[in-house]
There are 4 protein chains.
Amino acid sequence: MISASSLAPARPGRPRSERARLAILEAGADLLLEGGLAAATIEGIAARAGVSKVTIYKWWPSRGAVAVDSFFHRYRQTISFEETGDLAHDLTVQILAVINDFRGRAGEVMAELIGQAQSDPDLAGTLRTRWLDPRRQASTALVRRSIDRGEIAPDVDIQVFLDQIYAPLYFRLTMRHQPLDDSLAQILVHTVLDGVRS
Amino acid sequence: MISASSLAPARPGRPRSERARLAILEAGADLLLEGGLAAATIEGIAARAGVSKVTIYKWWPSRGAVAVDSFFHRYRQTISFEETGDLAHDLTVQILAVINDFRGRAGEVMAELIGQAQSDPDLAGTLRTRWLDPRRQASTALVRRSIDRGEIAPDVDIQVFLDQIYAPLYFRLTMRHQPLDDSLAQILVHTVLDGVRS
Amino acid sequence: MISASSLAPARPGRPRSERARLAILEAGADLLLEGGLAAATIEGIAARAGVSKVTIYKWWPSRGAVAVDSFFHRYRQTISFEETGDLAHDLTVQILAVINDFRGRAGEVMAELIGQAQSDPDLAGTLRTRWLDPRRQASTALVRRSIDRGEIAPDVDIQVFLDQIYAPLYFRLTMRHQPLDDSLAQILVHTVLDGVRS
Amino acid sequence: MISASSLAPARPGRPRSERARLAILEAGADLLLEGGLAAATIEGIAARAGVSKVTIYKWWPSRGAVAVDSFFHRYRQTISFEETGDLAHDLTVQILAVINDFRGRAGEVMAELIGQAQSDPDLAGTLRTRWLDPRRQASTALVRRSIDRGEIAPDVDIQVFLDQIYAPLYFRLTMRHQPLDDSLAQILVHTVLDGVRS
DNA sequence: AAGTAATCGAGACGGTACGTCCGGTCTTCCT
DNA sequence: AGGAAGACCGGACGTACCGTCTCGATTACTT
């Protein structure tokens, strides 16, 4: 097969077992949801997946790495969203989606992953690359188009602007000092767009 | 409370050793700064403090609890700040102080503590009680007085307002997707006060 | 109690658990007999004894060390033997005893221990100290008294003499090139005592 | 053998690679000498020989088997010896040769091989077939001719007789309780030939 | 002064998971 | 049909901390 050889270099040796890869990710996701990050030990995942520990270490550098991959394997989320031309509305819709995710089991796991990332640079990198960056890029583009439309000032620091809208969600997720209500969405957007001065 | 110290029930038995308590906190802080939270194991602290593990378990429920106490023992920070009557100015000054703390070794440790708190409810509680809540109360009072002065709208959701100003600092501390520059302070305050609409 | 304090220095800390020590030795001996040295893994012994691996490592340096101790714990053998004044007879009786031991399960285990000792200096030392040396001393004394009685030449190299009598037993045990018959006893003694020249 | 090479059935498929066979034996011998039997792992040998593990397993049943073959490949020893017609002299010469071998690195390796053979029947067999048996046959023949010459009694149990001479060498090699001196040779032979009675 | 009680140090213990090594087996492609 | 490459499962290794458990020694208050 021409396509096969051109796409895959056809390396010598036994090819990686897709069966093992999937079993690991499924087992990882299961444990993550059942008992949180603490339950997702390499040993536990290996046992549940019917796989040897070495096979996991072969393909993932750390416990955190398997965890994130397992998490994203299960929560294959979409970032795409329709753009109506009204920045306030588009942002609100997106924030509502994030709030909704964060309120469920996935939110708890995400919080633990962020937590673990504080002492696992590997995991931190993966989290940025696979979770934050894609969302940032989409949001940045959204804001940029809004600027082009003249909705908001052109000299706005987009990154700070986005932080002021999204950071509170992560802050409440991790510190739990205030609830993650749906009503948050509108207030967050409204405040940064219009300010609070009387 | 006067009665508490002077009328201490004078319980029988050997009183708690102040020497041990301090040695533990010092050892904990040392290890925390040297090798991060990972290095601050109960075993390590006990060895370094010349104290038995049981003594630590006697007074602290978990590893995280000793860590926070050690951290705050070393970083005895003050929240107090002068109030000029100009909200924007007062907030900016305070944010600058936080940014400064977060940029140093203390910031790294704080990030790890927040991280660990995601899977240690005990630690999460301590962190809120001893770190976040006092700051929140001070800031809330500040904002309230500003409302009284008529600077900002009276129907502002103060908690969301404060989150939009402070959350970005914690977000950048834990996700490291953007730097913690001094310039942040002014932008953060300005945006929520005046909005970004053109 | 005076005797108690004089015998045991009364070291601080929790005293070693005699229960654990015995459980380990029993479990070790069991596994040794059931599956040979290969079955007597640290992990297996720990599991069977209801003891943690660390406890074993605390008191024994290597797998071999536990094995020998377990072996001698079970086969608490006596070296003592009556001395009739007839060297040939006394030696023959003793050799018969060794042959008998070596033919049983204990012989197989002993062979494995000797085998393992070839790549475990620790074990080699223990084997010499606890097995060979005591026997050598008893035999040496026996021969010496025979010399005193004038039975054999005073310039005999006793160690070589003993090797020529006992080494064949170990040789046949480990190489299995010839059987370990009872008849061996008499021939071995007879040959070195009288020579084989016609 | 002529017929073997010329009349080889010319089996189908790729013929066995002589290159691989030699590389394996050389690598095995190297590792054996450098780090003893423990270092001569299948994995290590394969890596060093630039050969796949399967190729080794294809031709050797166990780790021990490769080790012995590697050992004999390097130490291509000769058993042949001149026969002078004086048994005592001929034996002494041969024993001296063995003692000399045993004192060097080869002796250490041989001890480890014997050790491993205690829990590896495969290796035990190879060791008997390729090392002990040939020597035994040569020695037995030697003694038999001596009997024919009337030097020693015709009813001597040759196997026991040989054990009494050679076993001490293996005993001292494996137990290290006494040195392997050159002087041993003469004493060993002398004792069994003349007896030790005064 | 003797008794009572809480504490402290030392350290042994069962347990869980770690990350690694090696043994054998397998699968795939190349020669 | 070899053979090289290398992935895979299984089992054991030795280590690190955890949190709990004895001990004996210390240090107060109470009788």
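Lettering follows sequence order; numbering is per chain, from 1.
Rounded to an integer number of Å, the gap from D:W60 CH2 to E:dG24 C1' is 17 Å. Between the P atom of F:dG2 and the CD1 atom of D:I56 lies a distance of 17 Å, rounded to the nearest Å. The distance between atom OH of D:Y57 and atom P of F:dG3, rounded to the nearest whole Å, is 16 Å. A straight line from CD of A:E18 to P of F:dC8 spans 10 Å, rounded to a whole angstrom. In this structure, CG of B:D122 is placed 14 Å from C1' of F:dG19, rounded to the nearest angstrom. What separates CZ of C:R63 from P of F:dG11 is a distance of 15 Å, to the nearest Å. Rounded to an integer number of Å, the gap from B:Q116 CD to F:dC17 P is 15 Å.
Shortest non-hydrogen contact noted between B:A49 and B:R19 is O-NH2, 3.7 Å. Among all heavy-atom pairs drawn from B:L37 and B:E112, the shortest one is N-OE1, 2.7 Å. Heavy-atom minimum distance, B:I45 versus B:A40: CD1-O, 4.0 Å.
In summary, D:E34 and D:R48 engage in a salt bridge, as defined by a charged side-chain N under 4.0 Å from a carboxylate O. With salt bridges taken as basic N to acidic carboxylate O contacts below 4.0 Å, one links C:R74 and C:E26. Ionic pairing of C:R130 and C:D69 is present here: one or more N-O contacts between side-chain nitrogen and carboxylate oxygen are shorter than 4.0 angstrom.
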Derivation of the side chain to side chain donor-acceptor pair (under 3.5 Å) call for D:T129 and D:T126: CA-CA 5 Å; D:T129 310; D:T126 310; over 6 Å; no
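To the nearest 0.5 angstrom, D:L32 atom CG is 10.5 Å from D:M110 atom CE.
In the region residues 42-49 of chain A, proximity to DNA chain E at under 4.0 angstrom, judged on heavy atoms, holds for A:I42, A:E43.
Backbone-only contact: B:R19 has heavy atoms under 4.0 Å from sugar-phosphate atoms and none from a base. Contact annotation for D:T55: backbone-only contact, meaning every heavy-atom pair under 4.0 Å involves sugar-phosphate atoms and none involves a base. Contacts of D:K53 with the nucleic acid, taken as non-hydrogen atoms under 4.0 Å apart, include base atoms. Counting any heavy atom pair closer than 4.0 Å across all strands shown, A:V54 reaches a base atom.
Side-chain atoms of A:A20 lie closest to F:dC8 of the nucleotides E:dA10, F:dC8, E:dT25. Of all nucleotides listed (E:dG23, E:dC13, F:dG10), F:dG10 comes nearest to the side chain of A:S52.
Taking only side-chain nitrogens and oxygens, C:W59 comes nearer than 4.0 Å to OP1 or OP2 of E:dC13.
DNA chain E is contacted by both B:K58 and A:A40; B:K58 maps to the nucleotide lying nearer its 5′ end (nearest heavy atom per residue). The residue among B:V51 and A:P61 whose nearest nucleotide of DNA chain E lies closer to the 5′ end is B:V51. The residue among A:R16 and D:G50 whose nearest nucleotide of DNA chain F lies closer to the 5′ end is D:G50.
Between the base of E:dC13 and the side chain of C:R14 there is no donor-acceptor pair shorter than 3.5 Å.
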